[in-house]
Amino acid sequence: PTGAVTAPAIVYIATERALFRVTFPAGTGSWAEVRLPEPLTASCLALVLEEGAERGREVRVGLGEVQAIGPFDGGDLAAVVRALEGPETEARAAEETLRRGGSESAAAVLAAYDELSSGGRRRGVEAATAAASCEVTAPLLERAAFDPEVAVRRAAEARVHRCGSQLLPALRRRVDGGSSAERGRAARLLGLVGGEEALQVLAAQAGLGSREERATVRAALGQAARGATGDALARAVAQAEGPREVEVLRALAAALPRWPGARDRLARHLGPGAPFETRYLLLPAVATLAAGGDAAAARLLVEHMLRDATG
């Protein structure tokens, strides 16, 4: 379209529940601030431009930019974080402000972390880590990932995929020297993070600790191995020896078809004198290889099945 563009003289602001008519006086200028009688909270907002400040057949009415300003915009982020504990409407406005605050929001939530209730911590973690850089977010995510409240831990877990590499050093420390609960939680998070470094850390822990801890590490190992290369799997297995190697092979069963040396490594533990427990733990991995078309693995599986059947 051709012709001049003019600012509107009248604008209607419509939400699902309210309609406001705004009239701009002549000579308003290129910017105008509109203060509504009350803050708006809406999932949908529409602007309707009525008549323009200038009239004419070739004149078009338009706006160059619209900015929504919340009650906390431009304020002290420490006060915004405290508002997370307020009424629902106030807390939601604080969340939106923190989402736009980037790294400064993450630092503000971390500074006030111990003063917040579980609900405030959850809201703060969800909002402050939405867009901040992972380098700044990692300390806050670590605090939240080991929070005593499940809802807060889940909020951190939802962000682990995005910032996993920055969390790896902290998770390694926890899995190496934390309490039993911390080690289990760190192992599960390492499983979510995935990648070779997480795989190596978990493999080094395989077979250690209580029965529950061993089961947690096995499950995390299997999850961390998704997409791992054959070389990465071989290096993970090399982290353990003897019975602990059995634990690693058992945990990686679903991924072993990607490692050409997997069958030979399994066969080392399944010789003629292999105890029943070892056969019981590793034959499912052999079956996985056989199902993937490994004929030698299929023969090894049949051999052991016949041996057990004949005593």
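Along the sequence shown, residues carry numbers from 1. Only heavy atoms go into these numbers, but all of them, side chains included; no hydrogens, no water, no symmetry mates.
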Between R21 and T23, is any side-chain donor less than 3.5 angstrom from a side-chain acceptor? yes

Presence of salt bridge, R235 and E196, under 4.0 angstrom: yes

Using atom types as modelled and distance alone, determine if a side-chain donor or acceptor of R162 lies under 3.5 Å from a backbone N or O of T129. yes

So, for L202 and V217, which heavy atoms are closest and what is the spacing to 0.1 Å? O-CG1, 3.5 Å

Any donor-acceptor pair under 3.5 Å from S105 side chain to A128 backbone: no

Exercise: identify the closest heavy-atom pair between L266 and L256: CD1-CD1, 4.2 Å

Could you go through Q239 and V248, starting from their C-alpha distance and side-chain angles, then the distance that decides it, and tell me whether this counts as side chain to side chain contact (heavy atoms under 4.5 Å, CB included)? CA-CA 9 Å; Q239 293 286 324; V248 176; over 6 Å; no

Are side-chain heavy atoms of V237 and W259 found at a separation under 4.5 Å? yes

N/O donor to acceptor pairs below 3.5 angstrom from side-chain atoms of residues 86-94, sequence neighbours left out:
from: E88; atom 1: OE1; to: R123; atom 2: NH2; distance (Å): 2.7
from: E88; atom 1: OE2; to: R123; atom 2: NH2; distance (Å): 3.2

Specify the closest pair of heavy atoms between L221 and A206, including all atoms of both residues, with the distance to one decimal. CD1-CB, 4.2 Å

Kindly compute the distance separating CG (L190) from CG (L168), expressed to the nearest 0.5 Å. 6.5 Å

Give a yes or no on whether a salt bridge exists between E126 and R122, defined as a side-chain N under 4.0 angstrom from a carboxylate O. yes

To check you understand the geometry: which heavy-atom pair defines the closest contact between R244 and A203, and what is its length? NH2-O, 3.6 Å

Return yes when atom CD of E135 has more than 12 non-hydrogen atoms of other residues, nucleotides or ligands closer than 6.0 Å, and no otherwise. yes

Salt bridge or not for D114 and R143, using N-O below 4.0 Å? yes

Check whether any side-chain N or O of R258 sits under 3.5 Å from a backbone N or O of A228 as a donor-acceptor pair, and report yes or no. yes

Between atom CG of L270 and atom CG of L283, what is the distance when rounded to the nearest 0.5 Å? 5.5 Å

Side chains of E85 and S117: any donor to acceptor distance under 3.5 Å? yes

Answer whether the closest heavy-atom distance between the side chains of T288 and P257 falls below 4.5 Å. yes

Check against side chain to side chain contact (heavy atoms under 4.5 Å, CB included), L249 and L282: CA-CA 7 Å; L249 289 167; L282 291 185; 3.9 Å; yes

Using modelled atom types only, decide if a donor and an acceptor are shared between the side chain of R121 and the backbone of L116 within a distance under 3.5 Å. yes

So does A274 get a backbone contact from the side chain of R279, meaning a donor-acceptor N/O pair under 3.5 Å? yes

Check this for me, if you would: do E182 and R185 make a salt bridge, where the nitrogen-to-carboxylate-oxygen distance has to be below 4.0 angstrom? no

Flag if over 12 foreign heavy atoms under 6.0 Å of CD, E16: yes

Has Y280 got more than 12 heavy atoms of other residues, nucleotides or ligands less than 6.0 Å from its OH? no

Can you tell me how far SG of C134 sits from CG of L141, rounded to the nearest 0.5 angstrom? 7.5 Å

E245 and R265: salt bridge (charged side-chain N to carboxylate O under 4.0 Å, His left out), yes or no, with the steps? CA-CA 10 Å; E245 185 175 301; R265 201 54 168 256; 2.9 Å; yes

Go through the steps for R35 and E33 under the test salt bridge (charged side-chain N to carboxylate O under 4.0 Å, His left out), then give the verdict. CA-CA 7 Å; R35 292 185 178 273; E33 181 176 318; 2.8 Å; yes

Cluster check F20, L45: I/L/V/M/F/W/Y, side chain < 4.5 angstrom: yes

Over all heavy atoms of both residues, which pair between P8 and L49 is shortest? Give the atoms and the distance, please. CG-CD2, 4.2 Å

One pair to check against salt bridge (charged side-chain N to carboxylate O under 4.0 Å, His left out): R183 and E213. What are the steps and the verdict? CA-CA 8 Å; R183 291 197 301 273; E213 288 174 323; 2.5 Å; yes

Tell me the closest heavy-atom pair linking A204 and L208, and the distance in Å. O-CD1, 3.8 Å

Check whether more than 12 heavy atoms from other residues, nucleotides or ligands sit under 6.0 Å from atom CD of E104, and answer yes or no. no

Side-chain heavy-atom pair L98, L84 within 4.5 angstrom cut-off: yes

Check the pair L199, L252 against side chain to side chain contact (heavy atoms under 4.5 Å, CB included), reporting the backbone distance first and the verdict last. CA-CA 10 Å; L199 198 62; L252 299 179; 4.2 Å; yes

Pairwise side-chain contact, R172 with D176, heavy-atom cut-off 4.5 Å (strictly under): yes

Interatomic distance, CZ@R159 vs CG@L167, rounded to 0.5 Å, equals 13.0 Å

Nearest-0.5 Å distance that lies between atom CZ in R263 and atom CG in L289: 8.0 Å

In terms of hydrophobic clustering (I, L, V, M, F, W, Y; side-chain heavy atoms under 4.5 Å; direct or indirect links), are V109 and V136 co-clustered? no

Does a salt bridge link D147 with R153, judged by any charged N lying under 4.0 Å from a carboxylate O? no

V11, V34: one ILVMFWY side-chain cluster at the under-4.5 Å cut-off? yes

Is it true that M305 and F276 fall in one hydrophobic cluster, defined by side-chain heavy atoms closer than 4.5 Å? yes

Approximate separation, where rounding is to 0.5 Å, of L47 CG and Y12 OH: 13.0 Å

Has R226 got a side-chain atom pairing as donor or acceptor with Q223's backbone, closer than 3.5 angstrom? yes

According to a 4.5 Å side-chain heavy-atom criterion applied to Ile, Leu, Val, Met, Phe, Trp and Tyr, with indirect links allowed, do L19 and V66 form part of one hydrophobic cluster? no

